[in-house]
Amino acid sequence: MLIPVILADHQERNPVELLKQSWSLTRDNGFAILFFLLIIMVVGAIVMNVLEALTGILVGLATGGEGWMLIVNLVSALVGTIFQLILSAAIASIYIELSGRRSAAL
């Protein structure tokens with residue numbers, strides 16, 4: 001799960017070495033990382049569904065029941081993009097914490 005961050009940080013191109021580094025960094029922290037990211041994903045899915053439902057209801061009421069699917073899909077895509085960025089930032093911060101590169105990142 002840390003492979004993209006390791007690739008960006010170390011410029012390592014060997015996939016086996018990337019896997020080894022990722023496994024060594026996440027050793028003894030696998031379930032904690034998994035549950036942390038799972039919480040972010042579940043909260044993101046719930047928020048996205050609630051916002052999509054609210055947007056659908058509001059657009060439906062504003063347009064007399066016809067609704068504009070473009071607006072509903074746009075809101076859904078924007079919220080999904082925001083949560084994807086949050087998830088990417090969480091993975092990057094996990095890498096910074098596990099690799100001990102905290103002082104270099106600041």
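S22 places no side-chain N or O within donor-acceptor distance of the main-chain N or O of L18, the cut-off being under 3.5 Å.
Separation of atoms CD1 (I46) and CZ (F83) is listed at 10.0 Å; rounding is to 0.5 Å. The distance from atom CD of Q84 to atom CD1 of I40, rounded to the nearest 0.5 Å, is 11.0 Å. Atom CG of L87 is separated from atom CD1 of I82 by 14.0 Å, given to the nearest 0.5 angstrom. With rounding to the nearest 0.5 Å, the separation of OG1 in T55 from CG in L78 is 10.0 Å. Put simply, CG on N14 and CD on Q21 are 9.5 Å apart, with the number rounded to the nearest 0.5 Å.
Follow the hydrophobic side-chain contacts under 4.5 Å out from V72 and you never reach I57; the two are in separate clusters. Linking Ile, Leu, Val, Met, Phe, Trp and Tyr whenever their side-chain heavy atoms come within less than 4.5 Å leaves L74 and I71 in two separate clusters. Cluster annotation: I39 and I91 are assigned to the same hydrophobic cluster (Ile/Leu/Val/Met/Phe/Trp/Tyr, side-chain heavy-atom contacts under 4.5 Å, transitive). Put simply, L19 and L25 are part of the same group of oily side chains (I, L, V, M, F, W, Y) that touch within less than 4.5 Å, one to the next. I86 and V5 end up in the same hydrophobic cluster when Ile, Leu, Val, Met, Phe, Trp and Tyr side chains are linked at under 4.5 Å.
N29 places none of its side-chain heavy atoms less than 4.5 Å from the side chain of I94.
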Checking side chain to side chain contact (heavy atoms under 4.5 Å, CB included) for the pair E52/V75: CA distance, chi angles, key distance, verdict? CA-CA 7 Å; E52 188 175 334; V75 169; over 6 Å; no
